[in-house]
Trainee: 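Encoded as structure tokens, here's the structure I'll be asking about.
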Amino acid sequence: SVFIQDTFFTLVGFRPALDAYRVGSGSEQEDHHLLNPLTEMVWCKATEMVFEAIPASIVQVYALVLAKEKRVDALVSIIISAATIAFSSSMIGYDWDTSPSNRTSTPFFYGYIPDKALSRAVCFLSMMSLTFTHVLLQTLTCALLVATNTAWLVYYLSADMALFFLYKIARKDFFYYANLTGPLRLLLAIIMRFGLKILTNFTLILNARNPCEVGGLPFVSSLIISFAASFVSARLYSDHYEEGGEDTTKVSDDTLKAILASLYSVWFISGVVFIAVIKREYWHTFFSLDTASDYNKRFFVNLRDDQDEEKSSMFSCHPDVYKSWGDELMKPWTLENWSKWEEEKPAWFTDTWIESVPNNYIPYDWRVKYKKTK
């Protein structure tokens, strides 16, 4: 069975190859799958980066910072780890943006990567280079702060996370869009906001600028804060680090300045190339103040009249996502087409889906049939 096959590939360590094959071959989501192949691959890679690759890279850099002898092989290992994270993050952004289904259903957000082959190659390389330097800057920041005073790292990460949470709360966009209620909804919101913010901070994953996730302005703010934090951490390390014994030695100020200057230079050049090569009409998505509600409204409006299945997916979201515009756009659509759906019985028109539709979005006669008259 497919379950046994997936389990086998996961246990032997070939799950990434299986996911890549399914995405590359254009495999469709099957009935027994919870997610489509692209989404499944993204979540697997993101989970691996958050819980394995990023912590391991921080430990590697921290060990090198403390080591009395700064070995070349340790530096090479760090570079390979950062490059691996950068490649995974860039591939997620590239695959998600060039996905035909994403570009068809959400052309106002997906499509920033240019269409010509050479431009695409330059775009991907700039994405990877930018992410590579960002990963090194962030892991170096964490390593320097831990080496100097662990509490400072806790203060930095906590303040950054608190600002993000306060922004989402102020925008009434904190709760995740999944259709859950009560404590589960709050728990999911905390997990998703926290996890995606960490992922953004360390990997610069471009998908996170989606208003349903981190958002455009918070995404760019994370980039700027991370950049500034690397400079501050180096200054704190230079001024306050005290060697702890014979097996440790302080990194010289000149060495730190050379490392940061090199990373800043590559970071800046990569950013300029990336901005120059992507389609200009998508620049605003990197600074957008849109919320999940704004995004989903544009998603719904953009769909064609014959895309009822795509429109029906809106009811998998929490009602808060569409309460400000649902009566104007979604209610007329359901009232007008309900009888047709009852007659044709499309695959998505299930009892579960009907149960997710608000009562006042269903024609009264059918509400009586379903006993949803309250």
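As the structure is a computational prediction, the values presented were derived from the model and not from experiment.
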Trainee: Does N302 reach the main-chain N or O of R298 with its side chain, forming a donor-acceptor pair under 3.5 Å?
Mentor: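 A pair under 3.5 Å: no.
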Trainee: A side-chain contact here means heavy atoms from C-beta on lying under 4.5 Å apart; do Y94 and R120 qualify?
Mentor: yes
Trainee: Checking Y110 side chain against P100 main chain: does a donor-acceptor pair fall under 3.5 Å?
Mentor: no
Trainee: Would you compute the distance between atom OG of S90 and atom CE of M128 and round it to the nearest 0.5 angstrom?
Mentor: 6.5 Å
Trainee: For S293 and V321, work out which heavy atoms get closest and say how close.
Mentor: OG-O, 2.8 Å
Trainee: Should Y264 and F227 be marked as a ring pair (Phe, Tyr, Trp, His ring centres under 6.0 Å) after you check the CA-CA gap, both sets of side-chain angles, and the distance that decides it?
Mentor: CA-CA 8 Å; Y264 290 161; F227 187 87; 4.5 Å; yes
Trainee: Short question: side chain of N296, backbone of A292 - any donor-acceptor pair under 3.5 Å?
Mentor: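 Present.
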Trainee: Do the charged groups of R235 and D239 touch, with an N to O distance under 4.0 Å?
Mentor: yes
Trainee: With the 4.5 Å side-chain cut-off for hydrophobic clustering, are V232 and V146 part of the same group?
Mentor: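 Same hydrophobic cluster.
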Trainee: So for atom CG, which belongs to D115, do other residues, nucleotides or ligands contribute more than 12 heavy atoms lying within a distance under 6.0 Å?
Mentor: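 More than 12 within 6.0 Å, yes.
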Trainee: Contact between I113 and Y282 at the side-chain level, heavy atoms closer than 4.5 Å - yes or no?
Mentor: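 In short, these two side chains do not touch, never coming nearer than 4.5 Å.
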Trainee: Drop me the distance from S88's OG to I205's CD1, to the nearest 0.5 angstrom.
Mentor: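 Atom-to-atom, S88:OG and I205:CD1 are 9.5 Å apart.
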Trainee: So, K323 and D320, do they make that salt bridge, N to O below 4.0 Å?
Mentor: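 Yes, charged N to carboxylate O under 4.0 Å.
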Trainee: Using modelled atom types and a 3.5 Å cut-off, is there a donor and acceptor pairing between side-chain atoms of K250 and backbone atoms of S238?
Mentor: yes
Trainee: Counting only heavy atoms not in K168, do more than 12 sit closer than 6.0 Å to its NZ atom?
Mentor: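 Enclosed: over 12 neighbouring heavy atoms sit under 6.0 Å from NZ of K168.
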Trainee: Through direct or indirect side-chain contacts below 4.5 angstrom among Ile, Leu, Val, Met, Phe, Trp and Tyr, which residues connect to L217?
Mentor: Y167, L289
Trainee: Passes side-chain contact (heavy atoms from CB on, under 4.5 Å), V301 versus W325? Steps please.
Mentor: CA-CA 11 Å; V301 170; W325 52 270; over 6 Å; no
Trainee: Are any side-chain N or O atoms of T148 and backbone N or O atoms of L145, one a donor and one an acceptor, separated by less than 3.5 Å?
Mentor: no
Trainee: Please check: side-chain N/O of S313 versus main-chain N/O of E309, any donor-acceptor pairing under 3.5 Å?
Mentor: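 The answer is no, because no donor-acceptor pair under 3.5 Å joins these two groups.
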Trainee: So which atom in K331 and which in N360 form the shortest heavy-atom distance, rounded to 0.1 Å?
Mentor: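 What the structure gives for the nearest pair is CE-O, 3.0 Å.
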Trainee: Of the non-hydrogen atoms in D290 and P211, which two are nearest, and what is the gap between them?
Mentor: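 Taking every non-hydrogen atom into account, O-CB, 3.3 Å.
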Trainee: Output yes when a side-chain donor or acceptor of R367 lies under 3.5 Å from a complementary backbone atom of N359, and no otherwise.
Mentor: yes
Trainee: Examine distances only and state if a side-chain atom of S89 and a backbone atom of T203 form a donor-acceptor pair shorter than 3.5 Å.
Mentor: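 Yes: the side chain of S89 pairs with the backbone of T203.
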Trainee: With the side chain counted from C-beta on, respond yes when L140 and L260 share a heavy-atom pair under 4.5 Å apart, and no when they do not.
Mentor: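 They are in contact (side-chain heavy atoms under 4.5 Å apart), so the answer is yes.
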Trainee: Can you list the steps and then say if D160 with N201 is a side chain to side chain donor-acceptor pair (under 3.5 Å)?
Mentor: CA-CA 9 Å; D160 186 40; N201 281 358; 2.8 Å; yes
Trainee: Looking at OG of S105 and CZ of F300, how far apart are the two atoms once the value is rounded to the nearest 0.5 Å?
Mentor: 13.5 Å
Trainee: Could you check whether atom NZ of K279 has more than 12 heavy atoms from other residues, nucleotides or ligands sitting under 6.0 Å from it?
Mentor: yes
Trainee: V251 and V65: which non-hydrogen atoms are nearest, and at how many Å?
Mentor: CG2-O, 4.0 Å
Trainee: So V277 and P114, do their side chains get closer than 4.5 Å, heavy atoms only?
Mentor: yes
Trainee: Among side-chain atoms of S101 and S99, is any donor-acceptor pair under 3.5 angstrom?
Mentor: yes
Trainee: For the side chain of T139 and the backbone of L136, is there at least one donor-acceptor N/O pair under 3.5 Å apart?
Mentor: yes
Trainee: Determine, step by step, whether F109 and N102 satisfy the side-chain contact (heavy atoms from CB on, under 4.5 Å) criterion, reporting the C-alpha distance in whole Å, the side-chain angles of both residues, the deciding distance to 0.1 Å, and the verdict.
Mentor: CA-CA 9 Å; F109 186 80; N102 285 342; over 6 Å; no
Trainee: Given the ring of F219, does R209 sit roughly above its face, with NZ or CZ under 6.0 Å from the centre of the six-membered ring and within 45° of the axis?
Mentor: no
Trainee: Which of parallel (below 30°), tilted (30 to 60°) and perpendicular (above 60°) describes W341 and F349?
Mentor: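 Rings of W341 and F349: tilted, as their planes differ by 30° to 60°.
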Trainee: For the residue pair W353 and W338, is the inter-centroid distance of their aromatic rings smaller than 6.0 Å?
Mentor: yes
Trainee: Should I278 and C123 be marked as a side-chain contact (heavy atoms from CB on, under 4.5 Å) after you check the CA-CA gap, both sets of side-chain angles, and the distance that decides it?
Mentor: CA-CA 7 Å; I278 65 173; C123 184; 3.8 Å; yes
Trainee: Would you please indicate if the ring centroids of F315 and Y322 are separated by under 6.0 Å?
Mentor: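 Aromatic pair counts; centres sit under 6.0 Å.
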Trainee: What heavy-atom pair brings S126 and V273 nearest, and what distance separates the two atoms?
Mentor: CB-CG1, 3.9 Å
Trainee: For the atom pair CH2 (W152) and CG (N149), what is the distance rounded to the nearest 0.5 Å?
Mentor: 5.0 Å
Trainee: Under the 3.5 angstrom rule, does the side chain of T334 hit a backbone N or O of Y361 as a donor-acceptor pair?
Mentor: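 Yes.
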Trainee: If you count every heavy atom of other residues, nucleotides or ligands that lies below 6.0 Å from K345 atom NZ, does the total exceed 12?
Mentor: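 Atom NZ in K345 is packed in, count exceeds 12.
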Trainee: Checking Y176 now: which residues fulfil side-chain hydrogen bond (donor to acceptor under 3.5 Å, both in side chains) with it, not counting sequence neighbours?
Mentor: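 Residues passing side-chain hydrogen bond (donor to acceptor under 3.5 Å, both in side chains) with Y176: E213.
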Trainee: Output, in order, the C-alpha distance, side-chain angles, deciding distance and verdict of side-chain contact (heavy atoms from CB on, under 4.5 Å) for S57 and F202.
Mentor: CA-CA 10 Å; S57 295; F202 285 91; over 6 Å; no
Trainee: Say you draw a straight line from CG of L186 to CD1 of I190; how long is it, rounded to the nearest 0.5 Å?
Mentor: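 Reported to 0.5 Å precision, the distance equals 4.0 Å.
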Trainee: Please name the pair of heavy atoms, one in L180 and one in H318, separated by the smallest distance, quoted to 0.1 Å.
Mentor: O-CD2, 3.0 Å
Trainee: Any donor-acceptor pair under 3.5 Å linking the side-chain atoms of T291 with those of K172?
Mentor: no
Trainee: Rounded to the nearest 0.5 Å, what separates atom CD in E69 from atom OG1 in T249?
Mentor: 11.0 Å
Trainee: Flag the pair F108 / Y295 as yes when their ring centroid distance falls below 6.0 Å, and as no otherwise.
Mentor: yes
